[in-house]
Undergrad: 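Take a look at this one; I'll ask things after.
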Amino acid sequence: MIEDVILTTENCRYCLMCRHVCPVGHVTRLETLTPHGWGLTISSIRRGTLEIDESTVDAIYSCADCGTCRANCVTDQPLPSAIAAMRAEIAAAGQALPAVYEVQTKLEKFSNPYTEKSPEQAKGQGDVALFVGDDAQYLGQDALQAALRLLEAVGVKPVLIGAGRNNGYLASSLGFPQLSFDLAMATLAELEATGASSMMVLTPGDYYAFRQMHDERHGLAWPGGVTIQEVIPFLAEHLTAGNLNFKRVDDETPYAYVDPTHAVRVGGRHDAPRQLVAEVMPTEGKELFWRRERAHPSGNVALQYTQPHIANHMAYSRLGDALERGVQLLITEDPAGRAFLNRHAPRFDLQVAGLYELLADNLA
Ligand code: SF4
Ligand code: SF4
């Protein structure tokens, strides 16, 4: 756990070094809503020169908690975690936005923000578990089934865990560290009951939550002796080893791969999805401007509940980036990111396809 993480704001308050990569600053063009703006707001509240009121709460709940600042910080300052820590103080004092408490109630009752259903119980035991989460369970069943077909093609039949349960990021990001901790503990208990020595995840957001966020923000370390790996890089390793073969699609629509929300928080994962996409598509893909270590989120962050207009503008920005590059088709593996982009894609005359489905449908 990072002690006194909120003190990070003292380092950020007059630093402009990651300002240019912040997606919220990019879409709002408001100086308050940039990394040093949040640093200055929070450090001023702590000095007693600024009050917690409607305007400061609104600003503090406008950060996307996307990690792009930290991924581009030469001293690796955990500013998003500092902002989450400030939100925890605000939420505990009952001063957060109403939407924050509405999502808290849903997470407490059902472990997800989407539907009034509790998570499914894991069935059986095995060496490998796959964390489904709430995004794949409620927004991406096709992606989940496709991922299972791909894993089966390389001899892996995982036990499904966490089906319908948030990975804890949403609660943490909104300022509920104990709730986030409890959600992660429920998944870790399921993992232990399966006897698995490896947990696979479908997105970099899940990887970040379990491998880094819970440890840094809540002191919940990943269990020793258990590996965690994203499915996409795992499949890319099998492709390189010659264990996976695909046929090419017969469709020359100009396309680009969209790095999923939180991809910037997982180093070394950017080549794997591109390697897989290139195996299936008949032409070379284009690259968005906001890609790889500076990739912006697609809108599927906590902001969609607290500041939906900013979240929507982040999706417009991703779609506009694609249009500027002459792209007609976007491909991504993140079920929630895909759903969010899809909500707005028709206005841009764009299509959004799932990477897992694209790969599974073209297994040779
Ligand atoms: S995260 Fe790093 S680069 Fe960004 S404002 Fe803070 S110290 Fe500066
Ligand atoms: S977490 Fe994202 S939105 Fe928040 S300050 Fe950093 S780059 Fe900006």
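By convention here, the first residue in the shown sequence is residue 1. Atoms within a ligand are numbered from 1 in the order they appear, just like the ligands themselves.
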Undergrad: Please work out whether the ring planes of Phe210 and Phe131 are parallel, tilted or perpendicular, with thresholds of 30° and 60°.
TA: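 The arrangement is perpendicular - the two ring planes meet at more than 60°.
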Undergrad: Give me the nearest non-hydrogen protein atom to atom 6 (Fe) of ligand 2 as residue plus atom name, then the distance to 0.1 Å.
TA: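 Nearest protein contact, heavy atoms only, for atom 6 (Fe) of ligand 2 is Cys69 SG, 2.3 Å.
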Undergrad: Can you name the closest pair of heavy atoms from Phe340 and Asn300 and give their distance?
TA: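 Nearest heavy atoms, Phe340 then Asn300: CG-N, 4.1 Å.
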Undergrad: Identify which one of Asp206, Asn167, Ile161 satisfies the side chain to side chain contact (heavy atoms under 4.5 Å, CB included) criterion when paired with Thr187.
TA: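 Among Asp206, Asn167, Ile161, the one that satisfies the side chain to side chain contact (heavy atoms under 4.5 Å, CB included) with Thr187 is Ile161.
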Undergrad: Hey, which atoms in ligand 2 end up nearer than 4.0 Å to a heavy atom of Cys22?
TA: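 Every atom of ligand 2 under 4.0 Å from some heavy atom of Cys22: 3 (S), 7 (S), 8 (Fe).
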Undergrad: Can you tell me the protein heavy atom closest to atom 4 (Fe) of ligand 1 and the distance?
TA: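 Scanning the protein heavy atoms, the shortest distance from atom 4 (Fe) of ligand 1 goes to Cys18 SG, 2.3 Å.
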Undergrad: Compute the ring centroids of Phe348 and His344, then answer whether they are less than 6.0 Å apart.
TA: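 Aromatic pair excluded; centres sit 6.0 Å or further apart.
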Undergrad: Distance to 0.1 Å, residue and atom name: give those for the protein heavy atom nearest to atom 2 (Fe) of ligand 1.
TA: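 Checked against all protein heavy atoms, atom 2 (Fe) of ligand 1 sits closest to Cys73 SG, 2.3 Å.
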Undergrad: For atom 8 (Fe) of ligand 1, which protein heavy atom lies nearest, and how many Å away is it?
TA: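 Heavy-atom neighbour on the protein nearest atom 8 (Fe) of ligand 1: Cys15 SG, 2.2 Å.
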Undergrad: If you count the atoms of ligand 2 from 1 in the order shown, which ones are under 4.0 Å from a heavy atom of Val24?
TA: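 Result: 3 (S).
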Undergrad: Of all the non-hydrogen atoms in the protein, which one sits nearest to atom 7 (S) of ligand 1, and at what distance?
TA: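 Looking at atom 7 (S) of ligand 1, the protein heavy atom closest to it is Gln77 CG, 3.5 Å.
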Undergrad: What do you reckon, are the aromatic ring centroids of His26 and Trp290 less than 6.0 Å apart?
TA: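 Ring centroids of His26 and Trp290 are less than 6.0 Å from each other.
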